[in-house]
Q: 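Quick one: the structure is below, questions incoming.
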Amino acid sequence: MKIIEISRPLMAGMPTWPGDTPFHYVVNWPKAESGSVNVGKVTMSIHTGTHVDAPFHFDDGGRKIAELPLDLYIGEARVVELTGRSSIGPEDFAQVDLDGVERLLLKTLSWSDPNQFPSTICHLRADLPAFLAQKGIRLIGVDVPSVDPLDSKELAAHHGLHQHDIHILEGLLLDHVEPGDYELIALPLLLMEADGSPVRAILRRS
Ligand SMILES: Nc1ccccc1C(=O)C[C@H](N)C(=O)O
Ligand SMILES: [Zn+2]
Ligand SMILES: [Zn+2]
């Protein structure tokens, strides 16, 4: 079975949300000092690279990452390519078959330089969540750092998706992925208090 990597590499200098904690890894307790092992330490914002949002990220009363069902993040997923747009709404799915799809991954290609935080991205319009929910979708994945415009404070897409019980996976790397059906594995860490989690996201095709 072929494994396709769709995670962004976590490394020094990688783009992070403006003003947020940069990614940092250090061998904090080197073998020469500990006597037996190199021991690393990571500092990062949870919303770095490929990650899932918990509702608590944008809703003080929302569920935290450890409270979300894991089956969201493992199972059949459809990759749909919708490029050349500044936003995506129900109309954009006129030619797209979403029958039986629970996990939808959108390849927008709107984050062109992976080494820099984008200045604009393709976002989801406010009427999309109801449409996706009616199709039976429970997880939406995007290849950009947010489902909303980068300067949005209302976060209409985040809230709308949440109201319709659709969970959010952000920062995928889908440039090299052909549209179609795959098995997705993108498990969050069991971070008991957290507003989200980095994930190792892969696709498998049998
Ligand atoms: N880290 C931030 C700092 C300030 C303002 C927003 C963010 C975000 O992370 C929002 C984005 N939609 C996200 O969930 O990753
Ligand atoms: Zn996030
Ligand atoms: Zn988000």
Side-chain angles (χ1 to χ4, degrees), residues 6-24 42-70 72-73 77 82 85-89 103-126 128-129 132-133 137-174 184 186-201:
I6 56 167
S7 323
R8 291 179 190 264
L10 295 169
M11 57 191 183
M14 72 178 297
T16 44
W17 197 274
D20 210 343
T21 314
F23 179 87
H24 180 66
V42 169
T43 318
M44 65 187 286
S45 162
I46 271 174
H47 302 270
T48 305
T50 310
H51 70 279
V52 297
D53 286 355
F56 175 60
H57 178 47
F58 44 87
D59 174 357
D60 284 334
R63 279 186 292 173
K64 305 203 170 159
I65 204 72
E67 298 171 287
L68 302 180
L70 270 188
L72 286 168
Y73 307 105
L82 291 172
R85 292 159 168 84
S86 58
S87 67
I88 292 173
R103 299 172 196 82
L104 173 65
L105 308 183
L106 294 180
K107 176 176 174 180
T108 74
L109 298 183
S110 67
W111 182 352
S112 45
D113 182 357
N115 299 312
Q116 279 193 33
F117 198 81
S119 49
T120 58
I121 54 169
C122 177
H123 68 273
L124 308 186
R125 289 202 292 277
L128 189 64
L132 295 180
I137 284 156
R138 300 169 58 221
L139 178 78
I140 179 117
V142 292
D143 59 354
V144 285
S146 184
V147 291
D148 277 293
L150 297 171
D151 58 358
S152 170
K153 295 284 178 247
E154 317 73 85
L155 302 180
H158 280 83
H159 288 285
L161 290 165
H162 177 42
Q163 273 155 26
H164 289 93
D165 253 317
I166 302 172
H167 290 77
I168 301 170
L169 171 58
E170 292 170 326
L172 294 166
L173 193 61
L174 295 172
L184 169 74
L187 293 172
L189 304 178
L190 191 55
L191 293 164
M192 297 309 286
E193 301 290 319
D195 55 299
S197 172
V199 297
R200 180 70 179 265

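Order of appearance sets the numbers: ligands from 1, and atoms from 1 within every ligand. All residue numbers in this chain count up from 1 along the given sequence.
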Q: How far apart are the closest heavy atoms of Asp165 and Arg63, and which atoms are they?
A: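 Closest approach of Asp165 to Arg63, heavy atoms only: OD1-NH2, 4.1 Å.
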
Q: Shortest non-hydrogen contact from Ala201 to Ser7?
A: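 So the minimum-distance heavy-atom pair works out to N-OG, 2.8 Å.
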
Q: With a cut-off of 2.8 Å, how many protein N, O or S atoms neighbour the Zn ion (ligand 2)?
A: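 Those protein atoms number 4 in total.
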
Q: Decide yes or no for Asp20 and Phe117: does some side-chain heavy atom of the first lie under 4.5 Å from some side-chain heavy atom of the second?
A: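 With C-beta onward as the side chain, the pair stays apart.
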
Q: So which heavy atom on Pro198 is nearest to which on His51, and how close?
A: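 In this case the closest contact between Pro198 and His51 is CA-CB, 3.9 Å.
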
Q: Please report the closest heavy-atom contact between Asp53 and Leu68, naming both atoms and the distance.
A: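 Minimum heavy-atom contact is O-CD1, 4.3 Å.
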
Q: Do other residues, nucleotides or ligands put more than 12 heavy atoms under 6.0 Å from the CZ atom of Arg200?
A: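 It does not: Arg200 CZ has 12 such atoms or fewer within range.
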
Q: Please state whether the rings of His167 and Tyr73 are parallel, tilted or perpendicular, taking 30° and 60° as the class boundaries.
A: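 Taking Tyr73 first and then His167, their aromatic rings stand perpendicular (interplane angle over 60°).
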
Q: His158 and His57: side-chain hydrogen bond (donor to acceptor under 3.5 Å, both in side chains), yes or no, with the steps?
A: CA-CA 9 Å; His158 280 83; His57 178 47; 4.9 Å; no

Q: So which protein residues pack against ligand 1 under 4.0 Å, heavy atoms counted?
A: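 For ligand 1, the residues that come within the 4.0 Å heavy-atom cutoff are Trp17, Asp20, His47, His51, Asp53, His57, Pro145, Ser146, His158, Glu170.
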
Q: Using the side-chain contact (heavy atoms from CB on, under 4.5 Å) rule, take Cys122 and Ile88 through it: C-alpha gap first, then chi angles, then the decisive distance, then the call.
A: CA-CA 7 Å; Cys122 177; Ile88 292 173; 3.5 Å; yes

